[in-house]
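Note that the structure is a prediction, hence the values are computed from the model and not measured.
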Amino acid sequence: MMMDFQSLVGPIIGVIIIFALIKLVSLPFWLLKNSIIGAIMLYIINFTGLFTVKISFFYCLIAGVFGIPGVIFVIFWQALK
């Protein structure tokens, strides 16, 4: 018994849709986790006393998503203001 192409397309598309939905549902949790990490990094920068950075959700999101380059960007952005 040989399976034809049409009987394989349905399950493959179904698996792709399920993975896309899982990714879409997990995105807010990923952003929240990275925002918390960004807030911690900005708090540590403030604690050292080298720079004073305003800690807001937007800045935490930038720092969390982009990591160290994001923290540097936020520091420079605050210095220019």
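Linking Ile, Leu, Val, Met, Phe, Trp and Tyr whenever their side-chain heavy atoms come within less than 4.5 Å puts Leu50 and Met41 in one cluster. The hydrophobic cluster containing Phe47 also contains Ile37, counting ILVMFWY residues as joined when their side-chain heavy atoms lie under 4.5 angstrom apart, directly or transitively. Cluster annotation: Val25 and Val15 are assigned to distinct hydrophobic clusters (Ile/Leu/Val/Met/Phe/Trp/Tyr, side-chain heavy-atom contacts under 4.5 Å, transitive). Under the 4.5 Å side-chain heavy-atom criterion for grouping Ile, Leu, Val, Met, Phe, Trp and Tyr, Ile36 is not connected to Leu61 through any hydrophobic cluster. Under a hydrophobic-cluster definition in which Ile, Leu, Val, Met, Phe, Trp and Tyr are linked whenever side-chain heavy atoms come within less than 4.5 Å, directly or via other members, Ile68 and Phe76 are assigned to the same cluster.
When all heavy atoms are compared, the tightest approach of Leu42 to Ala63 is CG-CB, 4.3 Å. Between Phe73 and Ile62 the shortest heavy-atom distance is CD2-CG2, 4.0 Å.
Taken from CH2 in Trp30 to NZ in Lys23, the straight-line distance is 8.5 Å, to the nearest 0.5 Å. For the atom pair Tyr59 OH and Ser35 OG, the distance stands at 14.5 Å (nearest 0.5 Å). Atoms CD1 and CD1, from Ile45 and Ile40 in turn, are 13.0 Å apart once rounded to the nearest 0.5 Å. Note that the CG atom of Asn46 and the CD1 atom of Ile75 stand 8.5 Å from one another [nearest 0.5 Å]. Here Ser26 contributes atom OG and Leu31 contributes atom CG; the two are 9.5 Å apart, rounded to the nearest 0.5 Å. Atom CG in Leu32 sits 11.0 Å away from atom CG in Leu27 (nearest 0.5 Å).
Taking the side chain as every heavy atom from C-beta outward, Ile16 and Phe19 never approach each other to under 4.5 Å.
No donor-acceptor distance shorter than 3.5 angstrom exists from the side chain of Asn34 to the backbone of Val65, with no hydrogens or angles considered.
For Lys54, the NZ atom sits in a loose shell: 12 or fewer heavy atoms of surrounding residues, nucleotides or ligands are nearer than 6.0 Å.
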